[in-house]
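A short worksheet on the structure shown next.
Just so it is clear, the model here is predicted, and its values are computed rather than measured. Values below: all heavy atoms of this structure, side chains included; hydrogens, waters and symmetry mates excluded.
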Amino acid sequence: MSLTSRFRRFAGHRSAAFSRGPAVESVGAALGALALFAVVARLDYLPHPGYHLLAVPAGAVLFPLRRRFPGTALLALAALTGALPCLGPVTAAAAYSVTRRTVRTRRRTRLLGATGLLSVVAATATAPWLGPGSIPYGVALGLVLAVTAVIVPGLVGTVYGQQSRLVRALRERGDAAERARRLVDSEARVQERSRIAAEMHDMVGHRLSLVSLHAGGLELALEKADPELREEAVLVRRTTGDAMRELRQALGVLGPLGRDTGPDALTDATGTRAGIEALVAESRDGGIAVQLAWQGADLADRPQRVRRAVHRVVREALTNVHRYAATAHVTVRVVHDAETVRVTVRNGAPPAPSVAAGDVGTGRGLAGLRERVELLGGEFDATALPSGGFEVAAVVPAEPGEIVAGERPGAAPAAPAPGADARDDSVQRARRTAEALTLVFGLAGLGVLMVLGIGFVFVGHPRGVPSPPQPPYVGMPFQDLAKQGVADFPAIRAAATGHEPPRPAGTVGCIYPLGDAHGARPGGFPVTRYCFDAAHRLIAIDRFTVPSVRDAAPWETPR
């Protein structure tokens, strides 16, 4: 398979991939964010799940902008991810893509550092409202997101980018080596043909020159001695001269493609405006009504191959007009712009058939023109017009590229090895499939790490510090007081009987908790009484002291 056909097929694959790539990538990143949201919400790690869900479309909108504004898009996604961790997969995919396409090492390092720091700052700043709830745990969450959503995918993207650039450089070097080898082979063939042409010219041309010289001497010697034999000598000399000219023309075909030999040798005026005007003038002198229309700059600064091709197209077309339509009107148009040189030679229908109109010709002249133009990467067309005329049109690149011998545009490419195309396609498909699977599984692994990191941060942070119990107050319901563990203690009630103050009016019941009895002192201990009304509301809190009873020592006990 030729390099041109491979490049065209590769360009077709790439253009098709780029046409649908951004949409597929955006959808995949959004699905990853939704999956992380579902898992984290299921585990109850999100204080405000609505904000996280609304952030997914924002991330899907920012993600495609990484191609046009890589640094800005990545920083914006990192800031959103610090505040709303569910955007972690989107940021991870963006970090991978941006670092893979970033060539300069210093810029890539600064971008990763700034992105990771921004995610930590955003998580810390929003922790009291959208995050775990405190600054230290916000810092911890930001560090987790910076590592899993920025640093790790950024390093993976860096490795893949360097690998792709290295493979591309190796392929370019291989292609350059292949082109160099072909150019060397082509140059060797051209030099060999030139050597053969030189040897034939030296040997055969020298012999023919001797024959022509002897025939001339014989012609002079027989001028008076034998006029009839002199005519034979003249015939031999003329035939020898014709043979010499034909030999030079034949050897010109064996010469290098870069120059012309024989009577059509390249000059400084060949293919320029002056040269084309000279061809037109010669045709006018031959009785052809020719009009030249030149548009654009002269071709003096263009390569020799371009000027020679333009000259050959005009000359061959005018030669055909001389042969087949000598009485027709001819228009020669040359349009020269920055990229191409367009040559058009059009003749109308002749009023009367030309003398040589019956001679159809071999068509080798037009075939040679087509080959010459296509060798330069141009286009050639020669067609009969509906009006009865004929048109020859050629489009020649103004700056043609290098032409490798044996392979020209428009020619059938070299036959590849059996099954080579299928193998190349299968290798490309396998490589793309492996890369896609690697990205999918890598993103899934990062998602698991994000879930674990977010879980550790949220689980380690207390969900709320229990507030101290509210002290009893007048009007407090009995249920609230009971929730604090305040209950009636019979022993305290018995000790307070006969020593307590009068109960307030409206009291339906009192309780004597044990809590305050631990403050006993010699001679008495404090007692707290809570009295409630019919609505089970606290109406009085009374504190009083009950005298204590101390047992006598054994030796003081009377017998």
Tell me the closest heavy-atom pair linking [X] and [Y], and the distance in Å.
X: F63; Y: A94; result: CE1-N, 3.5 Å
X: P85; Y: H52; result: CD-CE1, 3.1 Å
X: F37; Y: P49; result: CE1-O, 3.3 Å
X: V147; Y: P153; result: O-CD, 4.2 Å
X: C86; Y: P89; result: O-CD, 3.5 Å
X: A338; Y: R302; result: O-NH2, 3.8 Å

Just by distance, no angles: are the side chains of [X] and [Y] close enough, under 3.5 Å, to form a donor-acceptor pair?
X: R307; Y: T270; answer: no
X: S164; Y: R100; answer: yes
X: H336; Y: R342; answer: no
X: S119; Y: T81; answer: no

Within a strict 4.5 Å, meaning less than it, do heavy atoms of the [X] and [Y] side chains meet?
X: E339; Y: P397; answer: no
X: L141; Y: Y137; answer: no
X: V396; Y: V343; answer: no
X: C510; Y: F532; answer: no
X: R165; Y: R168; answer: yes
X: L34; Y: L53; answer: yes
X: V152; Y: T148; answer: no
X: V306; Y: P400; answer: yes

Query raised in the report: Is R66 positioned over the aromatic face of F69, cation under 6.0 angstrom from the ring centre and no more than 45 degrees off axis?
Result: no
Report task. Step through the shown structure and confirm whether more than 12 heavy atoms of other residues, nucleotides or ligands are within 6.0 Å of CD on E379. Result -> no
Has [X] got a side-chain atom pairing as donor or acceptor with [Y]'s backbone, closer than 3.5 angstrom?
X: S97; Y: A93; value: no
X: R273; Y: D298; value: no
X: R108; Y: T102; value: yes

Report task. Dump the intermediate steps for side-chain contact (heavy atoms from CB on, under 4.5 Å) on V90 and L77, then the final yes or no. Result -> CA-CA 8 Å; V90 181; L77 287 172; 4.0 Å; yes
Drop me the distance from [X]'s [atom1] to [Y]'s [atom2], to the nearest 0.5 angstrom.
X: R537; Y: D480; atom1: CZ; atom2: CG; value: 9.0 Å
X: T115; Y: I151; atom1: OG1; atom2: CD1; value: 8.0 Å
X: E399; Y: R305; atom1: CD; atom2: CZ; value: 9.0 Å
X: L155; Y: Y160; atom1: CG; atom2: OH; value: 13.5 Å
X: R171; Y: L166; atom1: CZ; atom2: CG; value: 11.0 Å
X: L145; Y: L449; atom1: CG; atom2: CG; value: 11.5 Å

**Report entry** Y512 and F489 aromatic centres sub-6.0 Å
**Finding:** no
Report task. For E178 and R182, run salt bridge (charged side-chain N to carboxylate O under 4.0 Å, His left out): C-alpha distance rounded to whole Å, both residues' side-chain angles, the deciding distance at 0.1 Å, then the answer. Result -> CA-CA 6 Å; E178 180 68 17; R182 293 186 180 183; 3.2 Å; yes
**Report entry** CA sep, side-chain torsions, deciding dist, call: I541, Y473, side-chain contact (heavy atoms from CB on, under 4.5 Å)
**Finding:** CA-CA 8 Å; I541 302 176; Y473 60 91; 5.8 Å; no
Query - Stepwise side-chain contact (heavy atoms from CB on, under 4.5 Å) check, R372 with R312 - result: CA-CA 9 Å; R372 179 177 291 275; R312 289 292 178 85; 3.0 Å; yes
Report task. Would you please test D488 and R493 for side-chain contact (heavy atoms from CB on, under 4.5 Å) and show each step? Result -> CA-CA 8 Å; D488 187 46; R493 176 186 290 272; 3.2 Å; yes
